[in-house]
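In this text the structure is predicted, and so the values were computed from the model without any measurement. Chain identifiers are assigned alphabetically (A, B, ...) following the order of the sequence lines, protein sequences preceding nucleic acid strands; residue numbering begins at 1 within each chain.
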Protein chains: 2
Amino acid sequence: MRRDIFQAIADPTRRAIIALVALHAMTPNAIAENFDITRQSVSKHLRILTECELLKQTPNGREIYYSLEVSKMKEVDLWLEQFRKLWEGQFAQLDQLLEQMKKQ
Amino acid sequence: MRRDIFQAIADPTRRAIIALVALHAMTPNAIAENFDITRQSVSKHLRILTECELLKQTPNGREIYYSLEVSKMKEVDLWLEQFRKLWEGQFAQLDQLLEQMKKQ
DNA sequence: TACTTGCGAAGCTGATCAGTTGCATATATA
DNA sequence: TATATATGCAACTGATCAGCTTCGCAAGTA
């Protein structure tokens, strides 16, 4: 099974889970309450997110708290980095163009 | 068919195509030369990327040049934005902690 | 000890996907 | 006009996926 971050965040439910857990650690049941799918299905998503280290588990008795591994999110940011230069470059060029237009 | 940016960038081949086309516009054949899959398969990826507006087409005779729609990439960046605050917050807290340790 | 609760894992199903082959179309060239 | 080239599209296939149901297990609680 392919298990990279990009495939993990491709699913809208998983992105919603990430957004939920980003605020504070939550148990699978608490997370599942926010969706119209079964707890088991949410559990599967949690497993995928945990396997690619986007989420980390903190057991507490029979409960398991899931929280976001923020550092892992930076890997997506790192990939975006190369393109960020491009769109910043576009703005820089636009600025340059506007400067030239002002002069004329 | 689901066609959002996140699903588009989930595929490693498509990410490679994006990286290629980011530098300069390329034709499907030229792009396909960089992969071990058939031209038709690459063409399929190009269609998906174009449909979700990550790539734009520029016809030139019988050739079609594909180039990156940089502005669309920012949508991923926008989604990351909410979490960026988190990891920047972590560093801010770490800085604070280091400051306190220095004082003691 | 018996019962409830919180959770994960296995197995099934219909949908989707990445890749293939084969074909159609449009443009350039002889 | 005939041929080669550049490309897209349709149909097929094996793999993967998201969801479901069923089950098992461990930790609390009566």
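Going from atom CG of D11(B) over to atom P of dA18(C) covers 5 Å, rounded to whole Å. Atoms CD1 (I9(A)) and C1' (dC17(D)) sit 17 Å apart, rounded to a whole Å. Between L46(B) atom CG and dG19(C) atom C1' the separation is 14 Å, expressed in whole Å. Rounded to whole angstrom, the span from the CZ atom of R47(B) across to the P atom of dA6(D) amounts to 22 Å. Going from atom CZ of R3(B) over to atom P of dA18(C) covers 8 Å, rounded to whole Å. Atom pair R39(A):CZ and dG19(D):P shows a separation of 15 Å (rounding to whole Å applied). What separates CZ of F6(B) from P of dA18(D) is a distance of 16 Å, to the nearest Å. As rounded to whole Å, 16 Å separates atom P of dC7(C) from atom CG of L49(A).
Using a 4.0 Å cut-off between charged side-chain N and carboxylate O, E51(A) and R47(A) make a salt bridge.
For DNA chain C, the neighbouring residues in residues 53-61 of chain A, judged by any heavy atom under 4.0 Å, are Q57(A). Within a heavy-atom distance below 4.0 Å of DNA chain C, the residues of residues 25-36 of chain A found are T27(A), P28(A), N29(A).
Side-chain contact between D77(B) and W87(A): present, with at least one pair of heavy atoms (C-beta onward) separated by less than 4.5 Å. Two residues are said to be in side-chain contact when any heavy atoms from C-beta on lie closer than 4.5 Å; E75(B) and I5(B) meet this criterion.
At the phosphate of dA18(D), neither OP1 nor OP2 sits under 4.0 Å from any side-chain N or O atom of S41(A). Using a 4.0 Å cut-off, some side-chain N or O of Y66(A) falls inside it from OP1 or OP2 of dG8(C). At the phosphate of dC17(D), neither OP1 nor OP2 sits under 4.0 Å from any side-chain N or O atom of H45(A). For dC17(C), the OP1/OP2 oxygens have a side-chain nitrogen or oxygen of Q7(B) closer than 4.0 Å. A close approach under 4.0 Å does not occur between any side-chain nitrogen or oxygen of R62(A) and OP1 or OP2 of dG8(C).
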Between M26(B) and I17(B), does the side chain to side chain contact (heavy atoms under 4.5 Å, CB included) criterion hold? Intermediate values first, please. CA-CA 10 Å; M26(B) 289 174 80; I17(B) 290 176; over 6 Å; no
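Candidate nucleotides dG19(C), dG8(D), dG8(C) were compared by shortest atom distance to the side chain of S43(B), and dG8(D) ranks first. Comparing dC17(D), dT21(C), dA18(C) by their closest approach to the side chain of Q40(B) singles out dT21(C). Considering only the side chain of I64(A), dG8(C) comes nearest among dG8(C), dC12(C), dA6(D). If you check dG19(D), dA18(C), dA6(D) against the side chain of I48(B), the one that comes closest is dA18(C).
The shortest non-hydrogen separation linking D4(B) to A10(A) is OD2-O, 4.3 Å. Taking all atoms of both residues into account, the shortest heavy-atom contact from V21(A) to Y66(A) is CG1-O, 3.2 Å. When all heavy atoms of L54(B) and M73(B) are compared, the pair lying nearest together is CD2-SD, 3.4 Å.
Side-chain N/O atoms of K44(A) and base N/O atoms of dG8(C) include no donor-acceptor pair closer than 3.5 Å.
Judged purely by atom type and a 3.5 angstrom limit, R14(A) uses its side chain to pair as donor or acceptor with the backbone of A8(A). In this structure, S41(B) contributes its side chain and I37(B) its backbone to no donor-acceptor pair below 3.5 Å. Remark: the backbone N or O of R39(B) is not paired with any side-chain donor or acceptor of S43(B) at under 3.5 angstrom.
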